[in-house]
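Right, one structure below, let's go through it.
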2 protein chains.
Amino acid sequence: MQDALSQTFQALADPTRRAILARLSKGEASVGELAEPFLNEMSLPAVTKHLKVLENAGLVLKGRNAQFRPCQLNGDGLRVAANWMEQYRVFWEESFDRLEAYLKTVAAPSRPKPRIESKKPKGKSHGRKK
Amino acid sequence: MQDALSQTFQALADPTRRAILARLSKGEASVGELAEPFLNEMSLPAVTKHLKVLENAGLVLKGRNAQFRPCQLNGDGLRVAANWMEQYRVFWEESFDRLEAYLKTVAAPSRPKPRIESKKPKGKSHGRKK
DNA sequence: TGAGTAATTAACCTATCGGTTAAATATAGA
DNA sequence: TCTATATTTAACCGATAGGTTAATTACTCA
């Protein structure tokens, strides 16, 4: 995994790591605190490894306080990834417009009244629930 | 790779695949056209695989026209990833503010007057040379 | 100093990733 | 039908990702 951007996206491509980031978005936490919700599913060293991935990706900063390693979000990695994404904004917005327009044509004429909310109108998901 | 979001970030975590997306942002292209810039570095089947990853991640749509498979960007995957990132905007903007503020303290006092416009004033090495 | 807590490192295992070459499939057109 | 072009599939391979357990390091505090 050569470049920084690949490293950052790679780090984001794991649900455990994203959960750790979500936790950190609510405030600083030690390794043990971060690990706690996962200890049924995996060991502490596994979490340590995830944290190292996040740290190397510029997504987490780790400090030290006695035997604790307080972690916090690092905006740098997030910003780099977001900046890259930004160049494609026009594409995702345009396809969202198409989706919206489509939904309008489906929902429109006389409001067919969704009888039962069971059949999804199409597409693997992305369906606005109501 | 269970969930869609992980799949999408995983797909973005490769420079070849990002280059393919960049190419597609300039317009539709066939597999062969997409592969062409990489054929020194890798084989055609390798590119086919990358395209499948992008397709499965909801980042590319593949059609058919005779023996060609015209590809185009799929905004869906991009939108999903961007939406996820959005929740962290405050963090990357805040850390950017810190960076800006810091640069201001370094650059500030009497406007040192950029003598010659040769050395690029930035660079990934955030480190002030000199 | 020695016991207890927090976290990391080492060594190992398996599955997946990104690549290969060779063969197969899909389509057009003479 | 035969040939040429575009693309995919199959089978394989080495490296790495993500997990494990056991051992080690880093601290605090009595």
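Hydrogens, waters and symmetry mates are skipped; everything else that's a heavy atom, side chains included, is used. Throughout, protein chains are lettered first and strands after them, A, B, ... in sequence-line order, and every chain is numbered starting at 1.
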When you measure from the side chain of B:K49, which nucleotide among D:dC27, C:dT9, C:dG18 comes out closest?
-> C:dG18
Distance in angstrom units between B:K52 NZ and C:dC17 P, rounded | 14 Å
Relative to the 5' end of DNA chain D, which residue comes earlier, B:R69 or A:Q67, by the nucleotide with the nearest heavy atom?
-> B:R69
May I have the distance from B:L51 (atom CG) to D:dT9 (atom C1'), rounded to whole angstrom?
-> 15 Å
Residue pair A:S25 / A:L73: nearest heavy atoms and the distance that separates them = CA-CD1, 3.8 Å
In whole angstroms, how far is the P atom of D:dT5 from the CD atom of B:E36?
-> 17 Å
Distance below 4.0 Å between A:K62 side-chain N/O and C:dT8 OP1 or OP2 | yes
Choosing from D:dT8, D:dT20, D:dA17, which nucleotide comes nearest the side chain of A:Q10?
-> D:dA17
The answer to which of B:P70 and A:A66 contacts DNA chain D further toward the 5' end, by nearest nucleotide, is B:P70
Under 4.0 Å: is that the gap between some side-chain N or O of B:T48 and OP1 or OP2 of D:dT7?
-> no
Any donor and acceptor pair, going by atom type alone, linking the side chain of A:S30 with main-chain N or O of A:R69 inside 3.5 Å?
-> no
Establish, with yes or no, whether the OP1 or OP2 oxygen of D:dA17 is under 4.0 angstrom from a side-chain nitrogen or oxygen of A:H50.
-> no
Rounding to 0.5 Å, atoms CZ (B:R18) and CG (B:L59) come to a distance of 12.0 Å
Could you tell me whether B:E41 contacts a base, only the sugar-phosphate backbone, or nothing, with contacts defined as non-hydrogen atoms closer than 4.0 Å?
-> sugar-phosphate
NA contact type, A:S30, heavy-atom cut-off 4.0 Å: base, sugar-phosphate, or nothing?
-> sugar-phosphate
Respond yes when some side-chain nitrogen or oxygen of B:S43 is under 4.0 Å from OP1 or OP2 of C:dG19, and no when none is.
-> no
Nearest whole angstrom, please: distance from the P of D:dT9 to the CD of B:E55.
-> 10 Å
When rounded to whole Å, the CZ to P distance for the pair A:F38 and D:dT20 reads 13 Å
Between the NE2 atom in B:H50 and the CD1 atom in B:I20, the distance rounded to the nearest 0.5 Å is 6.5 Å
Measure from the side chain of B:R64, starting at C-beta and using heavy atoms only, and say which of D:dG18, C:dA26, C:dT21 lies closest.
-> C:dA26
So which nucleotide from D:dT8, C:dG18, C:dA7 ends up closest to the side chain of B:R17?
-> C:dG18
Calculate the interatomic distance between B:D14 atom CG and D:dA17 atom P; express it in whole Å.
-> 12 Å
Measure from the side-chain N and O atoms of B:N65 to the backbone N and O of B:F68, and report whether any donor-acceptor pair falls under 3.5 Å.
-> no
Do the rings of A:F9 and B:F9 sit parallel, tilted or perpendicular, given the 30° and 60° boundaries?
-> parallel
Which nucleotide in the set C:dG18, C:dT8, D:dG19 lies at the smallest distance from any side-chain heavy atom of A:L44?
-> C:dT8
Distance in angstrom units between B:M42 CE and D:dC13 P, rounded = 21 Å
Would you mind reading off the distance between B:E33 atom CD and D:dT7 atom P, rounded to a whole angstrom?
-> 8 Å
